[in-house]
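Everything below concerns the one structure shown next.
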Amino acid sequence: MQFQYINLECKYLFECCCRKTLIYNVCVCVCVCVQPAVLQSLHMVALQGKHVEAAAVMKEPLNWLEQSLSKNNTPFLTQPPDVFQEAVSVADVVLWAALYPLLSDSGFDAGELRSVRGWFQRVGGLEACQTAARRVLQGKGVEALKTFLQKHPATQTPRRDSPTNATEVHSNPNGEHVMTVEEIEEAAQIWSEGLKASPAVTERKHPVLPQEGKRNVLLTSALPYVNNVPHLGNIIGCVLSADVFARYGRLRGWNLLYICGTDEYGTATENKAREEGLMPQEICDKYHAVHADIYQWFQIDFDFFGRTTTERQTEIAQDIFWRLHERGFLLEDTVEQLRCESCQRFLADRFVEGECPHCRYPEARGDQCDKCGRLINAVELRNPQCKVCKETPVIRSSKHLFLNLPKLEDELEQWLDKSTGSGDWTANARHITHSWLRDGLKPRCITRDLRWGTPVPHEEYKEKVFYVWFDAPIGYLSITANYTDQWEKWWKNPQQVELYNFMAKDNVPFHSVVFPCSLLGAQDNYTLVNHLIATEYLNYEDTKFSKSRGVGVFGDMAKDTGIPSDVWLLIYLRSHQSCCWSLLRAGMFVSKFFDGCVPEMLLNEDDKRLIAEVHWELKQYIQLLDKVRIRDALKCILNISRHGNQYIQVNEPWKKIKGGDGDRQRAGTVTGVSVNVACLLSVVLEPYMPSVSRTIRQQLQAPPTCVSAMLQNTGTFICTLPAGHCIGTVLAPLT
């Protein structure tokens, strides 16, 4: 459903040439504050008929909106009071799209809220918004969302996942960890000791190479095809997830190398070149630059972003081929292929489309069906058509080379038992891999009758190239080799290196079966994957994102909206429990009431309990991210924020500061503790939202060593902003 909302927003953005000036904080608030409440309310309305209860859940975010609109007395949320021309902004549309399913429901009573009602009608009067609403809800209101809501239950109360270790913990019926007296006192004592000597995260020096005595992590995300602009399915599902983990690992002090690049050989490139009237290499050069630019805008922090059309790719791929050939792991066989007599060529992979023999999808490719995900042989397609001339191809024979997977099956299974037993493999990666083994491995063709690819060095096959899924994973090695001549220290060093692969789930068999068999058969001490993280497909209006078919939100579209890159990650993750940014108000209190210096903090039991709760969430955050549970770890961040926000609301320092000496002292303690929680939030947010995180720390003038100090070992919440620490100018989280 989150991408149905994006469609509403983007429909307006692309149909209306809207202003690019965006109130950044409003969009962040919608992502992490409003959407979780909306999702919970929709469950209540659509599935349970609980309109009154749903209205209660929405009371706080709607009251915030009412106050924002009435205070400025403007028709739109982000219009300055002194601007008389009505001007709707992206922020209005984003928030309107989030609220539309509820506020348009006749049974949902939001209360008086005159300003909200007027604003909602004004934004909803835009033709683009009306069109988008009809397209998503199809006139059925919240009923249209029932199927999605049934598949995606909402968490009704903020709670955290179970810890990742086997240690027994005390919890209440809601799943909250119950702090013991000992835990509270220990956490408070550690916090009070403050920031000790701790090394700051060191600057990376290239080339990054494995180091003795360090945790050496080699991290890859699946190489995107170079045939188009990258879409959010690839960016968020593979690249951004890997980037979050890479940033986290560096903050933890790991010696980490993160590489990626464009996959440039194969039929996808030839097709695109034919469409644009260019040579394949020209297409590769063009779209490699596009990919690099978009990833840079998304702040993806690769150590090296390379490509597969290089001499090193040819050298390494051909070396692995000869080693497999010499050791008897290749077979020759004649296979039937589709050939277009009109084009005078065999139709490999994406040069042919037809009806899937398994699910009847009418646009299945010659290698895989986009709908059911099954691998297929082109000759199995029903009603095949040549994609170039639309003629019906005929079946002809051609001799090819195969990787003898059955001969490597026993060795593969032994390695898989070890890797999946000790490593962090996602459940879908394990399932897909085991299903391949359960069905029994079959020889896999590694050559193709194409012109654009790594040439097969065998004399009898010199007119052929390597099949892209034999060749493309070798790109990880060749890209590293183009980064450093000492690439073998990473790729032929399984004793010292841990390898993490990030990918979409349809790429799993090639990374868990085919590529490992190639490396095992080469018998050259290659580093094999230890941890395989596979993401589910990202959907666009109930359809899988597809670059080849132009379906989805693409990287250049996201960039052109003017929405900061940090927000796009939150849009993807916004179905989680609510979190707001009122903790940053503590920094404003420091400036306003304490002359910009953190006040003295005299802790009572409530303060110590908060510190212990935050300390515990930090430990869970580290346990989860160590296990690559990226979305679950985000819940810990939101829990830390929730604890801190509740602490401020209960203690009301803005009221106590106006009281006597005791109340003023209490206000100082609450403000000081809260601003330290805000500093911790900036630390744990850094892997997810690097720009926001650094901005917060700059405003707080936090010491550089606070990051490594709180993320070292199992996690330690400490007072990094002690009494007397001077902060900078803290901007209001919402305007």
Side-chain angles (χ1 to χ4, degrees), residues 164 198-223 238-239 241-261 300-306 312 316 320 415-416 418-426 429 473-503 511-512 515-516 519-520 522-533 622-630 633 686-687 707-708 711-715:
T164 56
S198 177
V201 177
T202 57
E203 290 288 329
R204 269 176 286 167
K205 295 182 179 179
H206 295 286
V208 179
L209 297 172
Q211 298 178 25
E212 195 73 39
K214 296 273 284 184
R215 182 177 183 183
N216 299 300
V217 173
L218 176 58
L219 194 153
T220 71
S221 52
L223 308 182
C238 300
V239 177
S241 298
D243 187 62
V244 169
F245 188 69
R247 290 179 187 276
Y248 169 75
R250 294 180 187 123
L251 293 174
R252 291 274 279 153
W254 303 345
N255 185 46
L256 185 146
L257 177 67
Y258 179 23
I259 62 154
C260 188
I300 306 301
D301 194 12
F302 300 119
D303 287 294
F304 187 72
F305 184 73
R312 300 311 301 269
I316 296 171
I320 291 174
W415 166 74
L416 278 172
K418 180 180 178 181
S419 183
T420 58
S422 60
D424 294 313
W425 288 51
T426 53
I474 297 172
Y476 298 133
L477 284 63
S478 71
I479 288 170
T480 310
N482 280 297
Y483 167 67
T484 173
D485 290 339
Q486 301 178 71
W487 65 275
E488 292 184 348
K489 291 185 176 180
W490 284 109
W491 284 104
K492 295 184 180 182
N493 190 5
Q495 296 77 21
Q496 282 191 313
V497 173
E498 289 181 72
L499 175 58
Y500 286 79
N501 288 162
F502 284 75
M503 70 204 67
H511 287 78
S512 66
F515 185 45
L519 298 184
L520 287 168
Q523 298 177 358
D524 204 15
N525 195 39
Y526 277 109
T527 302
L528 302 180
V529 61
N530 304 96
H531 314 275
L532 200 154
I533 296 85
I622 287 178
Q623 287 187 30
L624 289 164
L625 269 184
D626 275 356
K627 304 292 285 184
V628 210
R629 290 172 59 181
I630 292 170
E686 175 140 348
V707 177
S708 57
L711 292 184
Q712 66 183 349
N713 301 321
T714 59

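Here the structure is a predicted model, which is why all the values come from computation and not from measurement.
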Any residue meeting side chain to side chain contact (heavy atoms under 4.5 Å, CB included) with [X], in chain and number order, not counting sequence neighbours:
X	value
Lys492	Trp487, Glu488, Asp524, Tyr526
Asn255	Val208, Gln211, Lys214, Asn216, Trp490
Ser419	Trp415, Trp425

With sequence neighbours left out, what residues match [X] under salt bridge (charged side-chain N to carboxylate O under 4.0 Å, His left out)?
X	answer
Asp424	Lys627
Glu686	Arg694, Arg697
Arg204	Asp301, Asp303

If you apply the rule side-chain contact (heavy atoms from CB on, under 4.5 Å), what do you find for Phe305 with Ile259, and how did you get there? CA-CA 6 Å; Phe305 184 73; Ile259 62 154; over 6 Å; no

Return the minimal non-hydrogen interatomic distance between [X] and [Y], and the atom names on each side.
X	Y	result
Pro494	Thr527	N-OG1, 3.5 Å
His531	Gly423	ND1-CA, 3.5 Å
Ala522	Ile320	CB-CG2, 4.3 Å
Ala481	Ile316	CB-CD1, 4.0 Å

State, yes or no, whether a side-chain contact exists between [X] and [Y] at a heavy-atom distance under 4.5 Å.
X	Y	value
Thr220	Leu499	yes
His206	Tyr483	yes
Thr714	Ile622	no
Ile533	Asn501	no
Leu528	Leu520	yes
Tyr500	Leu532	no
Leu219	Phe502	yes

Kindly compute the distance separating [atom1] ([X]) from [atom2] ([Y]), expressed to the nearest 0.5 Å.
X	Y	atom1	atom2	answer
Gln486	Leu209	CD	CG	5.0 Å
Leu223	Cys260	CG	SG	5.5 Å
Thr480	Phe304	OG1	CZ	9.0 Å
Ser512	Met503	OG	CE	8.0 Å

Among residues at least two apart in sequence or on other chains, which ones pass side-chain hydrogen bond (donor to acceptor under 3.5 Å, both in side chains) with [X]?
X	value
Asn525	none
Thr426	Asn428
Gln496	Glu212, Asn493

Contacts satisfying salt bridge (charged side-chain N to carboxylate O under 4.0 Å, His left out) that involve residues 475-484 (not counting sequence neighbours) are none

message: Does Trp254 form a side-chain contact (heavy atoms from CB on, under 4.5 Å) with Glu498? I'd like the steps, not just the answer.
response: CA-CA 11 Å; Trp254 303 345; Glu498 289 181 72; over 6 Å; no

Ring-plane angle category for Tyr248 and Phe245, please: parallel below 30°, perpendicular beyond 60°, tilted otherwise. tilted

Hits for ring pair (Phe, Tyr, Trp, His ring centres under 6.0 Å) against Tyr258, two or more places apart or cross-chain, chain-then-number order -> Phe302

Residues passing the ring pair (Phe, Tyr, Trp, His ring centres under 6.0 Å) test with Phe515, sequence neighbours excluded, are none

Check: Cys238 main-chain N/O paired with Ser241 side-chain donor or acceptor under 3.5 Å:
no

